[in-house]
Each structure stands twice: as structure tokens, then as C-alpha cells.
Amino acid sequence: QKEVEQNSGPLSVPEGAIASLNCTYSDRGSQSFFWYRQYSGKSPELIMSIYSNGDKEDGRFTAQLNKASQYVSLLIRDSQPSDSATYLCAVSFTGNQFYFGTGTSLTVIP
Amino acid sequence: GAVVSQHPSRVICKSGTSVKIECRSLDFQATTMFWYRQFPKQSLMLMATSNEGSKATYEQGVEKDKFLINHASLTLSTLTVTSAHPEDSSFYICSARQDRGNGELFFGEGSRLTVL
């Protein structure tokens, strides 16, 4: 059974702080890793994709991947109230199958 | 990023009728598309994997005769909810995987179905 696990939260951080979202996965054969943001009542939106160990930065977002530990994280710097949403971690094993975590709810407090 | 268009965004229908939802990849080809259902405050639930030119693969517990999926071209997949009932009311979301590049997955805007 391929599993993707996230802490459901809610995670609350003050405006301007760093929000840290974590995800673990069960299959060592996983190749592609994604973070999606989903606002209430809307569909998921791709934020970051990462494929190799290390950090990948895009604006205020940094994705970190550690395949040895089967761990992927998303850091949001200078958090804004507009970042308040549910963040979904997704893992692809074959490219044709994507497994999603249940999501972490983030609230950024003004 | 790539664009996936889903239509209609909202639909209200009477019990017993059928509803068709379209999912189009606007600027890329997608051999594989996925259909999800999401209830309020719950996570995405994969219903089926749609492959162009072949039959869809349904997840366990999803009735293939009730949720008809057709993927007739590399840019279009449709989901038809047949003989809809109030318990089918939900948020249906499609996604499409890019055939080229890194094979990223992009989501449509979702379709909110209400069955009266």
C-alpha cells in the first residue's frame, strides 16, 4: 500500500513567519513530488514540483526533498494571510499514478 | 502553468437525470486524466483514471456504470453521472497529466453538482 502522510493540522502561524509543512511517503521508488495549494471551495493549484534531493526555491516557497528519509517539505517564508489554505502533498511513482496526502490546513494570522 | 478547463462549474439537476462534465487540457496533450470527488472538508478521493482511447480504470467502490468516463481525444475527457441521486451531490474535479516535460498534474476548476 503506497501511502502519503501529512499532519492534518490546523497549523497556525503569525503573518511574516515561516510556515513549515511536512510530508512522508512509503514507497522508496517514488520519483516525483508535488505541493498543491487548495483554497476552500476551489480545486488544487500546483505550487512546486521537486524531483531530486535538496532544496528548490521559487519566490517565498522552498521545497525540500530527502529521499533517504522519504520526506518532503514545503517552507513558506514571510507568510501572508492569503497563504491560508490546505496544502496537499502528492507523490508519483510511475508517472501515471499520483498519490495525495490528506492535506495540512494552514492559517496565517494577521 | 498549463491550463485545464472544466465545465460546467456548477450544475443543479433533478434526481434521476444524467449530468455530463467536461475536462479539457487547453495547451497540452494529456493521454492520462484523473477524476476526483471531494466532499466538504474532506480530502480528494480518486474515482478513476482515464486513458485516451481505452477504458477508464475505476477505483474500488466506484460504480463504472454510474460514472461513465470517456476520453476520446488527447485533450478531452468527460464524466457522466447517470441517474443522479442526492447522495451524488459533491465537488467533482478533473486533472490532466502533461504527456511531455516533467509530467506534472494540473487540475480543472472543479464542478459542483447538486442533485435535488
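Lettering of chains follows the sequences in order, A, B, ..., and the numbering in each one begins at 1. From a predicted model like this one, the values you see are computed outputs, not experimental measurements.
- In this structure, Gly41(A) and Phe91(B) approach most closely via the heavy-atom pair O-CZ, 3.8 Å.
- The parts of Leu105(B) that come within reach of chain A are both its backbone and its side chain, each placing non-hydrogen atoms under 4.5 angstrom from that chain.
- A heavy-atom distance below 4.5 Å is not found between the side chains of Thr86(A) and Ser43(B).
- Atom NZ of Lys56(A) has more than 12 neighbouring heavy atoms from other residues, nucleotides or ligands inside a 6.0 Å radius.
- Your options are Ser49(A), Gly103(A), Ser105(A), and the one with the most heavy-atom pairs under 4.5 Å with chain B is Ser49(A).
- Smallest separation of non-hydrogen atoms from Ser43(A) and Gly108(B): OG-O, 2.5 Å.
- In the hydrophobic clustering of ILVMFWY residues, with side-chain heavy atoms under 4.5 Å counting as a link, Phe28(B) and Leu74(B) come out apart.
- Dense packing is recorded around NE2 of His85(B), with more than 12 heavy atoms of other residues, nucleotides or ligands lying under 6.0 Å away.
- Environment of NZ in Lys66(B): crowded, with over 12 heavy atoms of neighbouring residues, nucleotides or ligands closer than 6.0 Å.
- Considering Tyr36(B), Phe34(B), Phe106(B) as possible partners of Phe98(A), the one that fulfils the ring pair (Phe, Tyr, Trp, His ring centres under 6.0 Å) test is Phe34(B).
- Linking ILVMFWY residues whenever their side-chain heavy atoms come closer than 4.5 Å, directly or via other members, leaves Val62(B) and Leu68(B) in distinct clusters.
- The shortest distance between side-chain heavy atoms of Thr57(B) and Gln97(A) does not fall below 4.5 Å.
- Proximity to chain B is absent for every atom of Glu45(A), based on heavy atoms less than 4.5 angstrom apart.
- Both Val19(B) and Met47(B) are members of a single hydrophobic cluster when ILVMFWY side chains are connected at heavy-atom separations under 4.5 Å.
- Around atom NZ of Lys67(A), more than 12 heavy atoms belonging to other residues, nucleotides or ligands sit under 6.0 Å away.
- Leu44(B) and Phe67(B) end up in different hydrophobic clusters when Ile, Leu, Val, Met, Phe, Trp and Tyr side chains are linked at under 4.5 Å.
- Contacts of Gln38(B) with chain A are made by side-chain atoms alone, with heavy-atom separations under 4.5 Å and no backbone atom involved.
- Remark: Ser8(A) OG to Lys41(B) NZ distance equals 12.5 Å, nearest 0.5 Å.
- Among Glu104(B), Arg112(B), Glu109(B), the residue making the largest number of heavy-atom pairs under 4.5 Å with chain A is Glu104(B).
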